[in-house]
Amino acid sequence: VVIASFALALVWWITEPIPTHLTSLVLMVLLVFFNGWGEDDVLHTLGNSVIWLNVLAFILASMLVKTQLAKRMALMLVVRWGHSATQILLAFFVLNLVLAAFIPATAARAAMMLPILMVVAAIYGATREKPNQFGRNLFLQNMHGVDFCSSAYMTGSNANLIAVAFILSMAGERVYYTDWLFANLPVVALSMLASWYIGTHFIFRLSPEEKRPVVPGGLERLREKLVEMGPVSGAEKKAMAIFGVVILLWVSDRLHMRLFGFEVTAVMAAFLGAVIALTPRLGLLKWSEADVPWHLMLFSAGAYAGGLALNDTGAARWLVGSLFDRLHIGPGVGFWPVYIAVIVVNMFSHIFFTSKTMRTLIFIPFVIAIAQTLGFHPLALALPAAFTIDWVITLPINAKPNVIQYSTGQYSVLDSLKFGLVM
């Protein structure tokens, strides 16, 4: 029953005859009505910590947008580093890395930065009518930055949180915020630097003329916008303070027992920030201003229910075992061939499955089941596989930020494919 219900949901998630969140609700109904999984088990997924962390992260992101702190950060960075093409490209990487820590919605980050990108492109002579190498580098590298940086933080995307929840529920391994950060942030930083160097020196080599602004006083427009914002407001300072407390609690998670005598989980740290942000007079937001995509929460709950049902009923282990029997793969197989296969499949699955959340719920439970079947440590396969879920940089259709960048007309599908495959 679980396999059949999940298979039906999988087909509907991919083909979308109805909205994905409605498919998740149908899956939950099927699991209960046909005795695939218990009603309490199914309903409890909406109260899982991963769902709450998502809701709270979007509340905090709404605060950042409302106070215009994110806009100020972007303008300050561009005005400071915009006098050189290579510097401005690096500045946008830094901006993406900072914003990803606060705003989990990749499409929101891409949309927020798009107006600034368009102005910078025009300053360096890149337009829809006359795209140049600088424009190709700017928009494609920014797309890489949005996607790469989402994988730098455990809270960088909904898919990351679901992967961590599966690893805890199915493998009994807790992944701390700092575990994820220390393991993958260096990889992301090196990858971003590689994208910057490869793009400007090999794939879309910049000529000396393209390295300098062609619009006299172009940066003055952005400087004027920054001046128009005035000095840092009290609301912005308050937003910085709230975020500072939350981030500090996240990155010090392993020290909490020593410092406080109790642990403040990532969820409760976000709870604290959201409560302060929503408190009348003390905070910065009204509930009606919190932009929480509830359809995404319902989708995640149903997806999580399907994945856990596959594990708890033994269905995932049976499917993996059946596949391995047919392929004559047994416990004697080496770790590294399996690791390489898992990473390749997860890395390039975005070409066929555009939803990061859907890819997580499809592949991570099976990766854990593979590790358990072959006698490998589940974390050694599942966590690196989770790191690759956000790397959706091949084609414009692979993710919403890609579509947003491609809509500028600054590069072709072939440009995206060439640069994405190299990266």
Side-chain angles (χ1 to χ4, degrees), residues 20-21 50-51 53-65 70-71 73-74 92-118 138-164 180-181 184-185 187-189 191-192 195 243 270 291-297 299-300 303 346-351 353-361 386-408 411 416 419-420 423:
T20 53
H21 62 277
V50 66
I51 306 295
L53 192 52
N54 261 299
V55 171
L56 298 165
F58 278 104
I59 292 173
L60 292 172
S62 299
M63 178 183 68
L64 190 72
V65 173
K71 180 181 178 181
M73 289 164 52
F92 275 109
F93 273 154
V94 173
L95 181 61
N96 273 303
L97 199 58
V98 172
L99 292 180
F102 305 119
I103 303 176
T106 53
R109 298 204 306 270
M112 184 179 67
M113 288 194 291
L114 188 63
I116 298 171
L117 286 169
M118 296 293 287
L138 178 66
F139 286 94
L140 281 169
Q141 288 184 30
N142 193 68
M143 181 188 80
H144 293 180
V146 169
D147 294 331
F148 288 168
C149 294
S150 294
S151 72
Y153 309 98
M154 193 172 81
T155 54
S157 81
N158 179 57
N160 302 353
L161 296 172
I162 291 179
V164 168
W180 187 293
L181 186 73
N184 207 37
L185 182 59
V187 177
V188 169
S191 300
M192 286 164 50
S195 175
F243 266 116
D291 185 16
V292 180
W294 291 104
H295 65 284
L296 178 61
M297 303 305 120
F299 169 61
S300 300
N346 278 272
M347 179 74 79
F348 290 100
S349 59
H350 71 272
I351 296 175
F353 306 106
T354 57
S355 168
K356 290 179 287 189
T357 305
M358 185 175 68
R359 287 165 50 227
T360 302
L361 71 95
F387 291 157
T388 68
I389 291 292
D390 294 316
W391 287 48
V392 288
I393 61 172
T394 311
L395 295 171
I397 61 170
N398 292 146
K400 292 185 184 74
N402 304 19
V403 175
I404 291 170
Q405 304 288 355
Y406 180 69
S407 67
T408 62
Y411 60 89
S416 178
F419 203 176
M423 286 308 301

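Residue numbers run from 1 in the order of the sequence given.
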Any donor-acceptor N or O pair under 3.5 Å, side chains D147, S150: no

Correct closest heavy-atom pair for A152 and L185 would be CB-CD1, 3.8 Å

Please find the pair of heavy atoms, one from A159 and one from T360, that lie closest to each other, and give the distance. CB-OG1, 3.3 Å

Supply the atom-to-atom distance [X] [atom1] to [Y] [atom2], rounded to the nearest 0.5 angstrom.
X    : Y    : atom1 : atom2 : result
M192 : Q141 : CE    : CD    : 10.0 Å
I393 : M143 : CD1   : CE    : 6.0 Å
L138 : Q405 : CG    : CD    : 8.0 Å
L140 : Y406 : CG    : OH    : 11.0 Å
N158 : I389 : CG    : CD1   : 12.0 Å
M154 : L181 : CE    : CG    : 10.0 Å

Would V55 and W294 count as a side chain to side chain contact (heavy atoms under 4.5 Å, CB included) here? Give the steps. CA-CA 8 Å; V55 171; W294 291 104; 3.8 Å; yes

What side-chain donor-acceptor pairs closer than 3.5 Å can you find for residues 92-101, not counting sequence neighbours?
| unit_1 | atom_1 | unit_2 | atom_2 | d |
| --- | --- | --- | --- | --- |
| N96 | ND2 | F92 | O | 3.0 |
| N96 | ND2 | N142 | OD1 | 3.0 |

Counting distance only, does the side-chain N/O of [X] pair as donor-acceptor with the main-chain N or O of [Y] below 3.5 Å?
X    : Y    : value
W180 : S151 : yes
S195 : S191 : no
S62  : D291 : yes

Side chains of L395 and N402: closer than 4.5 Å at any heavy-atom pair? no

Does the pair S349 and N346 meet the rule for a side chain to side chain donor-acceptor pair (under 3.5 Å), with working shown? CA-CA 5 Å; S349 59; N346 278 272; 5.2 Å; no

Assess the residue pair Y153 and N160 against the criterion (side chain to side chain contact (heavy atoms under 4.5 Å, CB included)); give the C-alpha distance rounded to whole Å, side-chain angles, the decisive distance to 0.1 Å, and a yes or no. CA-CA 8 Å; Y153 309 98; N160 302 353; 5.9 Å; no

Could you label the plane-to-plane angle of the F148 and H144 rings as parallel, tilted or perpendicular, counting under 30° as parallel and over 60° as perpendicular? tilted

